[in-house]
Number of protein chains: 2
Amino acid sequence: MSITFIGAGNVAWHLAPALENIGHYVVAVYSRQLTHARQLASILYDARPVSDLNMADNSSDLFILSVPDDAIDEVCSRLVLPEGATLIHTSGGQSLAKLRHLMDVYSDVPVHTGVFYPLQTFTRGRNLLDFEQIPICIEADNKDTETQLVTMGQAVSTIVYLVSSAERRVLHVAAVLACNFSNHLMALANDITSAEDLEFDLLKPLIRETVRKALDADHPADVQTGPARRHDRQVIDAHLTYLSDRPQVAQLYKLLTASIEARY
Amino acid sequence: MSITFIGAGNVAWHLAPALENIGHYVVAVYSRQLTHARQLASILYDARPVSDLNMADNSSDLFILSVPDDAIDEVCSRLVLPEGATLIHTSGGQSLAKLRHLMDVYSDVPVHTGVFYPLQTFTRGRNLLDFEQIPICIEADNKDTETQLVTMGQAVSTIVYLVSSAERRVLHVAAVLACNFSNHLMALANDITSAEDLEFDLLKPLIRETVRKALDADHPADVQTGPARRHDRQVIDAHLTYLSDRPQVAQLYKLLTASIEARY
């Protein structure tokens with residue numbers, strides 16, 4: 001397939017080369033900032049960096065919209081696609097109905113829509129990820145697009161699921177809890193050790209093993225440890241005393257402790 | 001050195017074999033439940049399982065107290081050690097002064113005290129951990145014990161630090177945030193996916209990569225992603241609506257979101 005990427009950010013940076021590796025051909029990369037489009041094009045075979053959202057003359061088999069969630073509305077309002085084009089987004093947080101609605105409102109010609117959501121966190125510039133073990137969640141507004149996306153998904157990954165927008169939202173909520181929030185807790189831990197001139201590195205083996213154990217277990221709850229799990233008031237109170245000059249962290253500590261204590 | 005373990009739980013299960021591997025000799029293992037002492041003794045060279053805390057006749061060079069934090073008081077109140085014995089604990093959450101105080105109160109003879117805290121999470125029965133990359137935090141009430149513990153630490157691990165009780169408490173608070181709480185968030189994520197018949201396995205590649213990125217970065221805050229980081233009210237509100245029938249999780253979601261939004 002010939003493919004155009006609309007967006008040259010974190011997802012596109014990893015997905016575009018992965019799709020070329022399985023034999024597809026990226027013909028164009030759009031970015032609001034042409035330098036970003038150029039950077040991504042430079043690691044692809046023969047992609048053209050573009051800064052114009054009028055793509056009426058672009059005959060790509062697939063248009064992949066991978067811009068930040070909060071840019072989707074604006075990009076769709078300016079996007080001009082050829083008749084019968086297939087436009088898919090790669091977001092965990094946006095429903096298919098939303099994209100469908102935007103196209104119904106803004107496109108003068110009929111287009112197909114779908115979702116190709118790789119359940120992974122991507123960083124532009126970081127070593128290219130191996131997609132083989134990345135779950136791909138697919139949804140489409142018609143059977144042909146669905147088949148097209150499943151075929152593409154199965155060529156790039158061994159884990160391909162048809163996932164409805166409602167299910168995708170559930171996965172996204174779970175991912176925010178397990179990933180975004182855990183990352184933030186690690187950031188708070190780093191704040192605390194750094195403020196006391198202790199190396200955050202000391203905690204890294206513990207963090208790695210904690211995650212290994214949680215993901216090896218039947219349920220992470222089976223391997224929960226720590227003062228809250230033991231209902232150890234003495235240690236919990238000592239920790240809250242220590243955190244008293246960081247009231248927001250102390251409040252988080254209290255609420256997470258209460259949530260753990262409620263389970264055990 | 002000849003060593004007696006008081007406690008046959010998670011820490012002892014991994015530490016005792018590791019100390020034998022570097023040439024020490026575990027002579028006895030105490031547990032309140034003799035079967036636990038027997039199980040640990042069975043994986044050691046020639047250790048004797050015991051259920052009596054009167055160790056007045058035990059000439060071990062080192063007594064390692066590795067019982068749950070909330071059992072330390074009671075065990076110390078019944079423990080009888082020979083004169084000049086060295087008793088150390090392995091806990092992140094207990095100060096050296098606390099152990100010193102318990103011995104001053106309960107021991108009829110003078111003993112030395114110290115701390116040998118491996119900054120890792122241990123599970124009894126799980127494959128034996130390689131201690132080489134596990135940070136060991138050491139503290140002692142006298143220079144000889146300190147030297148003894150540092151020597152033992154350096155034989156078992158490449159990362160050995162003298163860490164005061166106050167610093168250890170900071171590390172422990174940070175570990176609770178980064179590890180215990182992250183584990184709980186993964187448990188909540190599993191609850192949510194399971195309730196909707198979605199496989200938690202789908203999230204595992206994402207969780208692994210999130211942690212890899214967080215620990216590779218200069219600071220986990222540098223690689224924070226997600227709706228809170230983007231101040232994406234639309235997605236945040238959709239997630240809170242979804243969580244409305246789980247009020248405690250919704251409250252956690254709100255507070256963690258506010259904490260992330262406050263940083264960026």
Side-chain angles (χ1 to χ4, degrees), chain A residues 69-70 93 119-121 123 133-135 167 169-171 173-190 192-193 196 198 202-207 209-211 213-215 219-221 223-228 230 232 235 238-239 242 248 251-252 255-256 259-260, chain B residues 68-70 93 119-121 123 133-135 167 169-171 173-190 192-193 196 198 202-207 209-211 213-215 219-221 224-228 230 232 235 238-239 242 248 251-252 255-256 259-260:
Chain A
D69 281 11
D70 48 9
L119 229 170
Q120 186 51 282
T121 172
T123 305
Q133 295 304 315
I134 298 177
E167 290 171 327
R169 189 176 65 171
V170 174
L171 287 173
V173 172
V176 168
L177 289 170
C179 299
N180 299 155
F181 289 169
S182 293
N183 188 86
H184 181 58
L185 288 168
M186 289 186 257
L188 294 176
N190 190 324
I192 287 172
T193 51
E196 307 272 358
L198 289 162
L202 282 172
L203 291 174
K204 290 182 177 178
L206 178 60
I207 293 171
E209 175 68 5
T210 299
V211 175
K213 266 166 74 168
L215 300 188
H219 193 299
V223 294
Q224 183 69 49
T225 58
R230 298 191 305 272
D232 189 334
V235 168
H239 287 183
Y242 172 74
Q248 204 177 26
Q251 210 191 336
L252 272 175
L255 201 58
L256 281 157
S259 177
I260 294 172
Chain B
D69 281 12
D70 48 9
L119 229 171
Q120 187 50 282
T121 173
T123 305
Q133 295 303 316
I134 298 177
E167 290 171 326
R169 189 176 64 172
V170 174
L171 288 173
V173 171
V176 169
L177 291 170
C179 300
N180 298 154
F181 289 168
S182 293
N183 187 87
H184 181 57
L185 289 167
M186 289 185 257
L188 295 176
N190 190 325
I192 287 172
T193 52
E196 308 271 359
L198 289 162
L202 282 173
L203 291 173
K204 290 182 177 177
L206 177 60
I207 294 172
E209 174 68 5
T210 300
V211 174
K213 265 165 75 167
L215 300 187
H219 194 299
Q224 183 70 50
T225 58
R230 299 192 305 271
D232 188 335
V235 169
H239 287 185
Y242 172 74
Q248 205 177 25
Q251 211 190 336
L252 272 175
L255 201 57
L256 281 156
S259 178
I260 293 172

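Hydrogens, waters and symmetry mates are skipped; everything else that's a heavy atom, side chains included, is used.
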Kindly compute the distance separating [atom1] ([X]) from [atom2] ([Y]), expressed to the nearest 0.5 Å.
X: B:I134; Y: A:E209; atom1: CD1; atom2: CD; answer: 7.5 Å
X: B:M186; Y: A:F181; atom1: CE; atom2: CZ; answer: 14.0 Å
X: B:N190; Y: A:L177; atom1: CG; atom2: CG; answer: 11.5 Å

Under 3.5 Å, is there a donor-acceptor pair between the side chain of B:N180 and the main chain of A:T225?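 Side chain of B:N180 to backbone of A:T225, a donor-acceptor pair under 3.5 Å: yes, one is there.
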For the backbone of B:P205 and the side chain of A:Q120, can you confirm whether one donor and one acceptor N or O come within less than 3.5 Å of each other?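 The answer is yes, because a donor-acceptor pair under 3.5 Å joins these two groups.
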Greatest number of heavy atom pairs closer than 4.5 Å to chain A - which of [options]:
options: B:L171, B:L255, B:I192; value: B:L255
options: B:T123, B:V235, B:V211, B:L202; value: B:L202
options: B:G93, B:C179, B:A228; value: B:C179
options: B:I207, B:L119, B:L215; value: B:L215
options: B:R169, B:Q251, B:E167; value: B:R169

Residues forming a side chain to side chain contact (heavy atoms under 4.5 Å, CB included) with A:S259, sequence neighbours excluded: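 Partners of A:S259 under the side chain to side chain contact (heavy atoms under 4.5 Å, CB included) test: B:H184, B:L188, B:Q248, B:L252.
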Name the member of A:T210, A:I260, A:N183 that forms the most heavy-atom pairs with chain B at distances under 4.5 Å.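 When all of A:T210, A:I260, A:N183 are compared, A:N183 has the most.
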Report the option among A:L256, A:D70, A:V223 that has the most heavy-atom pairs separated by less than 4.5 Å from atoms of chain B.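 Counting heavy-atom pairs under 4.5 Å, the top option is A:L256.
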Segment of [X] engaging chain A (4.5 angstrom heavy-atom cut-off):
X: B:V170; result: both
X: B:L198; result: side chain
X: B:D232; result: side chain
X: B:E196; result: side chain
X: B:V176; result: side chain

Let's go through B:D69 and A:R230 carefully: what are the C-alpha distance in whole Å and the side-chain angles of both, what is the deciding distance for salt bridge (Lys or Arg N to Asp or Glu O under 4.0 Å) to 0.1 Å, and is it a yes or a no? CA-CA 9 Å; B:D69 281 12; A:R230 298 191 305 272; 3.6 Å; yes
Kindly give the heavy-atom pair with the smallest separation between B:P220 and A:A187, and that separation in Å. CB-N, 3.7 Å
